[in-house]
Structures are given as structure tokens and as C-alpha cells.
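Here's the structure, in C-alpha cells; my notes come after.
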Amino acid sequence: MRRGVLGIVGSRIADVRRARCRRKPILIEPRIERFRRLAVGATVSDVGRIGKRVVVHLDGGLAIVFEPRMTGLVLLAAPPTAEHLRLRIGLAEGPIDELFYWDRRGLGSVRLLSAAELSELYGNGSLGPDALQITAADLVERLGGSRRAIKVALLDQRAIAGIGNLYDAEILHRARIHPARPCHRLHDDDWRRIQRAVQKVLTDAIRYEGSTLSDGTYRNALNRSGGYQNHHRVYDREGLRCVICRTAEIQRIVQAQRATFFCPQCQPSKLARIASSR
DNA sequence: ATTAATGTTCAGAA
DNA sequence: TTTCTGAACATTAA
């Protein structure tokens, strides 16, 4: 999503307004009048990413932070429906006329922050280092002592920023780690495999522009479907044969109130590992 | 017609 | 301190 939004670098903010959406308003800070006063006239200097958030940097030091959560989209093209359009940002002096924030469930937010607020909110301990920068040693340091299940721990954005539920499941399948294994029982080579799997899954997911699931919600900045759903090995594949071992069926369990998918053959629990080794 | 599920995050409680 | 639970919301599938 961030890559697509890069297309507005160099454009000037010409207008900011709420879309006419009859639903409960999403969180927009500061209030729209002040937001407009501060942002209009500024030029987009860069588009970055902090974990799962898209950050539009403006000259002068302010930044617009989009936090899409479950169903939010930052778009340069017309949104999927007019119904759930939440915010429109008019642009001038560039190829794109307007930036949209669309959000079906409305759990996301848009905030205009100063450089100081940005570093305060996202620089201190509230978000961990980005998943794509993380080393195996970082993983051990930040999660190695935790008693939580590895699947749950990898979702903790304060430990590592950027891993969501779907990619968590894919990562652990690649790393051949059972999702319920407690962090403090994992070994160095387990963490090394996890680190490599994080790199592989996230870079592939970015290359294929994300996963558009059966509800069709995720789209890139040009409102096009992603392609990574065709590469899922476990997510949403309960009961299907594992494409790696071609033996076991993918199982679904619930951890931290989230669905987890895994292959019982490729991702043995500790007990299964002991049993199979004799 | 209910209920459960959903690429998430946070406050507040255990 | 760390970990767990429920709520915010809208839509679809079972």
C-alpha cells in the first residue's frame, strides 16, 4: 500500500475534508478544521511506513499517519464503494488529484502529527523494531523469555512491529514451528528459522501486493487486488492437504481469540517431536 | 434469524 | 510486570 501511495510525493495538499459517510465517524485528529489549516499548502516529501501504518511526510515536519487496522485503505484511485469513504485529501501540482481514506469497519484512524509527536508515539517503546529489520538475536532478546505461545508473541507490536495474524501463520509454517510452542522453550536455531521466515513471507507478500481474502477487502493503493492469497500455505486452508508434506491436513485452532492455521506434520509440537525421534 | 468470524489495537483487569 | 479479555465496527457465511 505504501509503495502505491509514493505516487503523491511532490504533490501539494490542496484540501482536506471528511467524506459524507452516514456512519459513526472514524478517529481523525486533530479535528478536521485544524487538520485542514495545518496541512493545506504543505508538500508531500516522502511516504514511509511504521509497522502497519502508512506515514505521509510533509515538508515543514508534519506527517499524516494512516492506521488502517482491519479494513482501512489508503487510495489514489476511486474507492471500492462510496459508502465507506471516510476522508478525502485534495492534491495539486502532481499526477494525482485526490487521496482517499476508505474503511469498511471503521476501526482505523487518520492523524496529523508533528515530528515530535511522531517520535513520541512511535519512537519510544510503543512499537518495536520493524519486522523486516529484525535479527534472530533481536527476537531472542525481545521474546526469548516470554511464556506466551510464539504465535501470540509475534503479533505483539510492541515487541516487533508489522506482523499480522495471516502472515504470522504463514511464517510459522515456513519456520516449521508449532504455533502453540512457548517462546521460552524455543532454541537458537528455531529463532533463526523464524527470522528467515519473517523475511521470506513479508518480502513475498509485499512483492505480490498483499492478500485479498474472500471478502475482497484488501486492495492496493490503486484499488487492485493483491496476489499473495494464491501463495498461502496454511491460512484459511483448514482441512486441505498441506502443500509441503502432501500428507497431513491443515488444522485450525484459536489462540488469543484469533484463528491460527498450521500443519501438524510440518509443525510438530514438542511432544510430537520427542515421540517421532525414537 | 442468530451466531461466529474477520490482514487490529487498546484499556483495564487478572 | 506480564498476560488475558472484551470492545470498538460492519459485513458475510454458516
Side-chain angles (χ1 to χ4, degrees), chain A residues 1-2 19 21-29 49-54 65-74 79-86 101-111 121-122 125-128 131-132 141-173 180 182-184 198 201-221 224-239 252-261:
Chain A
M1 192 180 293
R2 179 201 80 97
C21 176
R22 312 173 63 78
R23 303 167 182 277
K24 183 174 181 192
I26 62 159
L27 175 64
I28 297 177
E29 282 180 352
R49 179 178 68 75
I50 304 180
K52 300 172 186 175
R53 298 143 174 89
V54 176
V65 178
F66 296 90
E67 188 180 318
R69 298 216 185 170
M70 296 286 281
T71 55
L73 298 176
V74 185
T81 68
E83 173 77 350
H84 300 98
L85 183 58
R86 311 289 180 153
Y101 182 71
W102 178 95
D103 195 336
R104 197 183 62 184
R105 285 176 70 178
L107 301 179
S109 65
V110 183
R111 291 198 275 192
L121 264 179
Y122 302 117
S126 64
L127 275 188
L132 283 175
E141 180 189 327
R142 305 185 72 88
L143 298 177
S146 174
R147 305 188 73 77
R148 288 180 292 183
I150 180 63
K151 166 68 170 35
V152 177
L154 288 175
L155 287 173
D156 183 347
Q157 304 297 300
R158 285 185 319 224
I160 298 146
I163 298 173
N165 193 49
L166 185 167
Y167 297 121
D168 197 347
E170 296 296 325
I171 286 163
L172 291 177
H173 184 263
C183 291
H184 70 100
V198 167
V201 169
L202 294 185
T203 54
D204 282 357
I206 290 169
R207 178 180 308 128
Y208 290 103
E209 306 216 53
S211 300
T212 300
L213 304 183
S214 53
D215 71 356
T217 296
Y218 181 74
R219 329 231 86 202
N220 71 14
R224 311 255 312 194
S225 296
Y228 193 70
Q229 66 281 2
N230 300 319
H231 299 266
H232 291 174
R233 291 182 175 182
V234 290
Y235 185 82
D236 209 13
R237 293 178 57 81
E238 182 183 21
R252 178 187 187 276
I253 59 175
V254 173
Q255 296 176 285
Q257 304 154 204
R258 319 285 304 275
T260 293
F261 300 86

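The chains referred to below are lettered A, B, ... by the order of the sequence lines, with proteins before strands, and numbering in each begins at 1. Just so you know, these numbers come straight off a predicted model, no measurement behind them.
A:Q257 places its CD atom 10 Å from the P atom of C:dA7, with the value rounded to the nearest Å. The separation between A:Q255 atom CD and C:dT3 atom C1' is 14 Å, rounded to whole Å. We find that CZ of A:R148 is positioned 15 Å from P of C:dT1, with the value rounded to whole Å. If you measure from atom CZ of A:R158 to atom P of C:dT2, you get 9 Å, rounded to the nearest angstrom. Between A:R53 atom CZ and B:dT8 atom C1' there is a gap of 9 Å when expressed in whole angstrom units. Between A:H184 atom NE2 and C:dT2 atom P the separation is 14 Å, expressed in whole Å. Summarising the geometry, the separation between CG on A:L27 and P on B:dA11 is reported as 12 Å, rounded to the nearest angstrom. Atom NZ in A:K151 sits about 15 Å away from atom C1' in C:dC4, given to the nearest Å.
With hydrogens and angles disregarded, no donor-acceptor distance shorter than 3.5 Å links the side chain of A:E67 to the backbone of A:V65. Between the A:Q255 side chain and the A:T260 main chain, no donor and acceptor come within less than 3.5 Å of each other.
Searching all strands for a Watson-Crick or G-U wobble partner of B:dA14 with both distances below 3.5 Å returns C:dT2.
If you take atom C1' in C:dG6 and the same atom in B:dA4, they sit 15 Å apart, rounded to whole Å. For the P atoms, the distance linking C:dC9 with B:dA1 amounts to 23 Å, nearest Å. The gap from the P atom of C:dT5 to that of B:dA5 amounts to 15 Å, rounded to the nearest Å.
Donor-acceptor pairing under 3.5 Å is lacking for the side chains of A:T71 and A:W102. Residues A:N230 and A:Y228 have side chains that never bring a donor and an acceptor to within less than 3.5 angstrom of each other. In summary, the side chains of A:R219 and A:S225 do present a donor paired with an acceptor at a separation below 3.5 Å, with no hydrogens or angles considered.
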Show, in sequence, the C-alpha distance, side-chain angles and deciding distance for A:S146 and A:H184, and conclude whether the side chain to side chain donor-acceptor pair (under 3.5 Å) test is met. CA-CA 6 Å; A:S146 174; A:H184 70 100; over 6 Å; no
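In this structure, A:K24 does not reach the C:dA8 phosphate: none of its side-chain N or O atoms is under 4.0 Å from OP1 or OP2. For the OP1/OP2 pair of B:dA4 and a distance below 4.0 Å, the side-chain nitrogens and oxygens of A:R258 include no atom meeting the criterion. At the phosphate of C:dT2, neither OP1 nor OP2 sits under 4.0 Å from any side-chain N or O atom of A:S146.
Taking the side chain of A:M70 as heavy atoms from C-beta on, and the options C:dC9, B:dT6, C:dT3, the nearest nucleotide is B:dT6. Across B:dT9, C:dT11, B:dT6, the shortest atom-to-atom separation from the side chain of A:R23 is found for C:dT11. Minimum atom distance to the side chain of A:K52 is reached by B:dT9, of the listed C:dA10, B:dT9, C:dT3. Closest contact between the side chain of A:R69 and the listed nucleotides B:dT8, C:dC4, C:dG6 involves B:dT8. When the nucleotides C:dT3, C:dT11, C:dG6 are ranked by their closest atom to the side chain of A:H84, C:dT11 comes out on top. Residue A:R252 places its side chain closer to B:dA5 than to any other of B:dA5, C:dG6, B:dC10.
Heavy atoms of A:N165 sit under 4.0 angstrom from primed sugar atoms or phosphate atoms, though from no base atom. Within the nucleic acid shown, A:A205 has no heavy atom closer than 4.0 Å to any nucleic acid atom.
Comparing A:A259 and A:L155 by the nucleotide of DNA chain B whose heavy atom lies nearest to each, the residue mapping closer to the 5' end is A:A259. Take the nearest nucleotide of DNA chain C for A:L107 and for A:S214: the residue whose nucleotide is more 5' is A:L107. Ranked by how close their nearest DNA chain C nucleotide is to the 5' end, A:E83 and A:A149 are led by A:A149. Residue A:R104 is the one, among A:Q157 and A:R104, whose nearest nucleotide of DNA chain B lies closer to the 5' end (criterion: closest heavy atom).
Under the 4.0 Å criterion applied to side-chain N and carboxylate O atoms, A:R104 and A:D215 are assigned as salt-bridge partners.
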